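Okay, so here's the structure we're looking at.
It should be emphasised that the depicted structure is a prediction, and the values quoted were computed from it without experimental measurement. Read the numbers this way: they start at 1 and go in the same order the structure lists the ligands and their atoms.
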Amino acid sequence: MQDNWSIVIHGGAGVLERDKISPEKDAEIRAALNFALKTGSDILRAGGTSMDAIAATIMTLENNENFNAGKGAVFTWDGKNEMDASIMDGETLAAGAVAGVTATKNPILLARKVMTDSSHVFLSGDGANKFSLEMGLEQAPPEYFATDFRRQQLEKMKSQKISSYDVDLKFGTVGAVAVDKNGNIAAGTSTGGMTGKKWGRIGDSPIIGAGTYARNDSCGISATGSGEYFIRLGVAHEICSRIRFAFSSTRDTAQANVPKDKHGMPQYYIHSNEWALDDDVVQAIADNVIAELGVLGGTGGIIYATPWGQIGYSFNTPGMYRGKASNNAPATVSIYGDEE
Ligand code: ASP
């Protein structure tokens, strides 16, 4: 076990600008993000798994009605809260996801149960609710999830005939990615989806490869934004794949440039565990995929963590609720685009 660990979180991206958020709300959000980061960091620092860390971190955000996940989830057109969540283990590529669940207090725990206690990856609707009961997960009545603020957003959307993008400043989905002291990466995402969603609409958040992905040799990703676009680009998987290919091609190039001995053989070999991608290469890959998302018409962002200790964000909205911490950097939380 090494000393290195890292965690990065988000609580949604959007038109988050200083003149649109009151100082009180700004402080409340930062406190919630700090609490979430501390929850995950304490687990990682003590040698806990990245899976335990992200599940506990995401639960704190699901329990906070400022975010569109668990309590405070947005309403469907029919006035219900239907939640989606997914989780992935980068060591084994095990994954679990749920869509349209209505009664599990913490949908991220249900996604985790699908991963660990079923032979499936993705359950939906009534079946997923039933599985939750069978697993003995804590249930909550509809009133627990419903908040006046979200109900007003639905009413405004209906009366003003505006889209779900226009009814709120932001996407309030939550997510976390962590790397533990064993180098295992885990990622998870939880959401209520989009205000006024109809017809059983499912976004990217519960889709492995779109809203969530983790793979120890490349990265962990959790996304937030206009889900339909993230699905079409397979954003989370796309970023991890590009990182994986960049890793092998830069390592191969470095190996090819190793000086040769008098027999023409390389003087030494670069092993994968001695090679790392540079920070700016990782950031550029994430930024490129988000730029492609923008060209398609999508908005939002992602958080990433890599096996080489990089943690960060990429988003094409004015801001994103976000935070990060690691064994060698204190926790920082940010909202606006011009912050760290
Ligand atoms: N990505 C989510 C969805 O499309 C929304 C969000 O990020 O808030 O369901």
Side-chain angles (χ1 to χ4, degrees), residues 9-16 29 32-33 58 61-62 64-77 80-87 97-102 107-108 111 122 124-125 145 147 149-150 153-154 157 163-177 187-213 221-239 289-290 293-294 296-304 313-322 335:
I9 64 171
H10 71 81
V15 190
L16 300 167
I29 296 292
L33 293 172
I58 291 172
L61 297 167
E62 287 179 334
N64 186 314
E65 63 180 62
N66 280 305
F67 304 96
N68 171 21
K71 187 175 182 56
V74 299
F75 280 92
T76 66
W77 188 261
K80 295 187 188 137
N81 301 114
E82 293 179 356
M83 290 151 286
D84 308 330
S86 64
I87 203 160
V98 290
V101 295
T102 54
I108 196 68
F122 203 169
S124 70
F145 301 102
T147 61
F149 174 65
R150 296 298 188 192
Q153 284 183 330
L154 176 66
M157 181 183 179
S163 77
S164 52
Y165 296 103
D166 296 322
V167 82
D168 197 357
L169 294 173
K170 61 191 179 303
F171 306 101
T173 291
V174 306
V177 182
T189 310
S190 182
T191 189
M194 305 289 290
T195 301
K197 62 185 181 180
K198 288 180 180 172
W199 310 306
R201 180 264 185 195
I202 299 167
D204 60 313
S205 308
I207 297 182
I208 298 300
T212 301
Y213 204 71
I221 300 283
S222 171
T224 177
S226 46
E228 282 67 13
Y229 296 90
F230 283 76
I231 295 172
R232 289 158 65 194
L233 275 183
V235 165
H237 184 270
E238 180 73 16
I239 295 173
V289 175
I290 293 302
L293 178 91
L296 212 55
T299 53
I302 58 96
I303 53 173
Y304 65 77
Y313 330 98
S314 182
F315 48 96
N316 66 5
T317 44
M320 177 157 86
Y321 292 156
R322 59 200 189 279
I335 296 179

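- At a 4.0 Å cut-off, not a single heavy atom of Lys197 sits close enough to ligand 1 to count as contact.
- Gly300 does not count as a contact of ligand 1, since none of its heavy atoms falls under 4.0 Å from the ligand.
- Atoms of ligand 1 found under 4.0 Å from any heavy atom of Gly227, numbered from 1 in the order shown, are 4 (O).
- Judged by distance alone, the side chain of Arg322 and the main-chain N or O of Ile9 form no donor-acceptor pair under 3.5 Å.
- Under a 3.5 Å cut-off, the side chain of Lys197 and the backbone N or O of Gly192 do form a donor-acceptor pair.
- Numbered from 1 in the order shown, with element, the atoms of ligand 1 that lie under 4.0 Å from a heavy atom of Asp204 read 1 (N), 2 (C), 3 (C), 4 (O).
- Close approach of ligand 1 to Ser205 is summarised as follows: ligand atoms under 4.0 Å from at least one heavy atom of the residue are 1 (N), 2 (C).
- Side chains of Glu82 and Thr76: a donor-acceptor N/O pair is absent below 3.5 angstrom, by distance only.
- A donor-acceptor distance shorter than 3.5 angstrom exists from the side chain of Thr191 to the backbone of Gly193, with no hydrogens or angles considered.
- Look at Glu65 and Arg150 and you find no salt bridge, because none of the NZ, NE, NH1 or NH2 atoms lies under 4.0 Å from a carboxylate O.
- Below 4.0 Å from some heavy atom of Thr224 lie the following atoms of ligand 1, by number and element: 6 (C), 7 (O), 8 (O).
- For ligand 1 and Gly225, the ligand atoms under 4.0 Å from any heavy atom of the residue are 1 (N), 2 (C), 3 (C), 4 (O), 5 (C), 6 (C), 7 (O).
- Close approach to Gly193 involves these atoms of ligand 1, each under 4.0 Å from a residue heavy atom: 9 (O).
- For the pair Gly12 and ligand 1, no heavy-atom separation below 4.0 Å is found.
- Close N/O approach between Gly203 and ligand 1 is not found [any backbone or side-chain N/O within under 3.5 Å].
- Side-chain N/O atoms of Thr189 and Ser222 include a donor and acceptor closer than 3.5 Å.
- Of all atoms in ligand 1, numbered sequentially from 1 with element shown, those under 4.0 Å from a heavy atom of Gly172 are 8 (O).
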